[in-house]
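Everything quoted here is computed from the prediction, not taken from an experiment. Hydrogens, waters and symmetry mates are skipped; everything else that's a heavy atom, side chains included, is used. Just so it is clear: chains get the letters A, B, ... in the order the sequence lines come, proteins before strands, and each one is counted from 1.
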Amino acid sequence: MIALLDINNFYVSCERVMNPALVGRPVVVLSNNDGVAIARSNEAKALGIGMGQPAHELRGLVRSGRLRMLSSNYTLYGDMSARVMQILADRTPAVEVYSIDEAFFDLEGIRNPAGFCADLVTTIGRWTGLPCCVGVGPTKTLAKLANYAAKQASRLDPAHTSVVDFTARHARDPVLDALAVDQVWGVGPRIAARLAKDGILTAGQLRDAQARRLRHQYSVVVERTILELRGQACLALEMTPPPRKQIVCAKSFGAPVSNLGELRQALAHYVAIAAGKLRRQQCVAGHVQVWLATNPFNERITQYSRANSFPLPRATADTGVLSTLAQRAMRQICRGGITYHRVGLMLSELTAEDSQPGDLFSGNDPRRQARLMASLDAINTKMGRGTVRLAREGFNHAWATRADRRSPAYTTQLAQLPVARAV
DNA sequence: TCTGGGGTCCTAGGACCC
DNA sequence: TCTGGGGTCCTAGGACCC
């Protein structure tokens with residue numbers, strides 16, 4: 001049996017732990033650059049605010065005091081997530097951390113699974129302040145749906161238990177029969193539209209469809225989903241995350257950029273971020289891709305978007321080497337007289353740093369380069385990100401991502417600890 | 001005025017190998 | 001009349017996830 005734990009409205013719930021004034025009120029957390037809503041409290045959902053709704057459409061509600069809007073604070077969310085995952089790891093034999101706010105875990109060998117899960121929800125609530133729901137089922141897909149059912153029930157009735165168990169067919173089949181097919185994990189809007197044309201509108205109808213036929217008509221993914229809905233497990237628990245195959249850093253600018261110098265700065269900055277991630281996972285990259293684009297929503301400007309990429313002669317995690325190559329790639333595609341909105345970078349063909357063969361003919365000693373980077377990382381870890389950087393990155397970043405409504409780093413910066421006062 | 005970011009997997013077709 | 005069989009690698013595009 002597999003369980004899925006999912007923290008309710010995760011980003012909003014993290015903000016509420018630190019700022020109780022947000023409890024019970026409509027709250028949304030915005031994407032990077034304060035662009036769109038990516039997390040909504042139940043009260044905000046009740047106001048009709050959609051996932052991905054642009055922030056500027058919500059200004060009116062904020063101004064009239066009916067909605068609180070916050071920038072995202074990933075430092076806080078990452079830390080809160082780690083606390084929850086630790087509680088889970090301490091109590092269950094096998095955990096797959098599936099995303100920042102979700103984890104699958106194995107219930108094999110646990111007596112009274114429902115009671116165990118209910119205790120878990122209580123413990124997480126007491127120790128971290130975060131509300132969560134657990135779904136249980138014979139497969140990951142059914143555990144997901146059980147979790148969804150638990151969320152729906154607790155939204156309608158806060159007194160409802162936060163655990164739903166879909167182990168028994170009689171418990172799950174009636175729910176599946178009434179559930180829209182696009183709520184099923186793995187069925188997105190495109191597949192759902194095609195299924196609708198074939199007369200499959202509910203999760204129950206998908207469960208009862210001919211798996212073989214749909215495999216040929218759609219793909220093996222749909223076939224697996226059908227089998228999983230019937231209780232036949234096709235997806236295993238992945239306890240050790242597979243190594244990343246690519247690292248992407250792409251952000252839209254806080255303000256439009258038409259100056260090529262600023263564009264180069266931004267790219268250099270993103271290379272530094274991506275290369276830092278690369279070194280943290282002890283890998284080197286063999287390929288660099290760069291792209292840039294104008295704002296697709298702005299109809300008054302000339303639209304322009306290009307990508308360019310290079311293989312590296314020798315895989316590396318050296319910020320300087322990667323940066324030089326990335327700048328060369330960008331030089332070949334950027335034009336003057338364009339108002340840019342976004343530049344992005346992808347490092348791929350990642351391999352473990354210690355699997356790199358030596359280079360007999362080059363005078364450069366890669367180990368020396370690696371030591372230089374290790375020193376840079378050590379200084380920046382101790383003194384703050386960007387203390388030592390490439391001159392190319394510059395200092396006054398007019399293009400930097402906006403985050404006008406960000407809460408403090410309550411749990412990770414001594415200077416920003418929350419203060420408790422006696423009343 | 002203002003519209004996110006970071007990932008994975010699957011498929012089909014072409015090129016190429018022995 | 002009938003013209004092999006089995007495989008890999010690469011790329012682009014599509015779809016999905018949180």
Stretch residues 191-211 of chain A: residues that reach within less than 4.0 Å of DNA chain B through a heavy atom: none
Checking A/R91 now: which residues fulfil salt bridge (Lys or Arg N to Asp or Glu O under 4.0 Å) with it, not counting sequence neighbours? none
DNA chain B: first to last nucleotide in contact with chain A (atom under 4.0 angstrom from a heavy atom), 5' to 3', is B/dC2 to B/dT11
Strictly below 4.0 Å, N to O, side chains only: are A/E102 and A/K151 in salt-bridge contact? no
How is A/I100 classified with respect to the nucleic acid when contacts are heavy atoms under 4.0 Å: base, sugar-phosphate, or nothing? nothing
For A/D34, report the nucleic acid contact type (base, sugar-phosphate, nothing); a contact means any heavy atom under 4.0 Å. nothing
For A/P189, which contact category applies under a 4.0 Å heavy-atom criterion: base, sugar-phosphate, or nothing? sugar-phosphate
Any chance you could lay out the side chain to side chain donor-acceptor pair (under 3.5 Å) test for A/T319 and A/R279, step after step, and finish with the verdict? CA-CA 10 Å; A/T319 303; A/R279 292 193 293 273; 2.9 Å; yes
Does anything in residues 262-290 of chain A reach DNA chain B, meaning a heavy atom under 4.0 Å, and if so which residues? A/K277
Once ring-ring contact (aromatic ring centres under 6.0 Å, His included) is applied, what residue pairs with a partner in residues 287-320 of chain A remain, sequence neighbours excluded? none
Heavy-atom count around A/Q332 CD within 6.0 Å, excluding the residue itself: above 12? yes
The criterion is ring-ring contact (aromatic ring centres under 6.0 Å, His included); which residues satisfy it with A/Y11, sequence neighbours excluded? A/Y74, A/Y77
Could you measure between the two P atoms, the one in B/dT3 and the one in C/dC18, and give it in whole Å? 25 Å
List for me each residue that meets side-chain contact (heavy atoms from CB on, under 4.5 Å) alongside A/E262, sequence neighbours excluded, and say none if there are none. A/V257, A/N259, A/A398, A/W399
Check every strand shown and say whether A/H341 touches a base, only sugar-phosphate, or nothing at a heavy-atom separation below 4.0 Å. sugar-phosphate
Could you tell me, to 10°, how much the axis swings from one end of the helix from B/dG5-C/dC18 to B/dC18-C/dG5 to the other, five pairs per end? 10°
Could you check whether A/R59 gets within reach of a base, just the sugar-phosphate, or nothing at all, counting any heavy atom under 4.0 Å? base
By salt bridge (Lys or Arg N to Asp or Glu O under 4.0 Å), which residues pair with A/D177, not counting sequence neighbours? A/R207
Would you say the side chains of A/S407 and A/N73 form a donor-acceptor pair under 3.5 Å? yes
Does the distance from a Lys or Arg side-chain N to an Asp or Glu carboxylate O, for A/E96 and A/K140, drop under 4.0 Å? yes
List the residues meeting ring-ring contact (aromatic ring centres under 6.0 Å, His included) with A/F104, not counting sequence neighbours, and say none if there are none. A/Y98, A/W185
Would you please say whether a donor-acceptor pair under 3.5 Å links the side chains of A/S71 and A/D34? yes
Considering heavy-atom distances to DNA chain B, does A/R215 or A/A250 have its closest nucleotide positioned more toward the 5' end? A/A250
Correct closest heavy-atom pair for A/F166 and A/A171 would be CE2-O, 3.8 Å
For a quick check of understanding: with a heavy-atom distance under 4.0 Å over all strands, which category does A/Q246 fall into, base, sugar-phosphate or nothing? base
Residues from residues 70-87 of chain A sitting under 4.0 Å of DNA chain B, heavy atoms only? none
A/N32 near the nucleic acid: base, sugar-phosphate alone, or nothing, with a heavy-atom cut-off under 4.0 Å? sugar-phosphate
Would you say A/T141 and A/R224 are linked by a side-chain donor-acceptor pair, where the criterion is simply a distance under 3.5 Å? no
Contact class for A/V29 vs. all strands (heavy atom < 4.0 Å): base, sugar-phosphate, or nothing? nothing
Return whichever of A/Y218 or A/M51 has its heavy-atom-nearest nucleotide of DNA chain B closer to the 5' end. A/M51
Does A/T167 have any side chain to side chain donor-acceptor pair (under 3.5 Å) partners at least two apart in sequence or in another chain, and if so, which? A/D165
Side chains of A/T411 and A/D79 only: does a donor on one sit below 3.5 Å from an acceptor on the other? yes
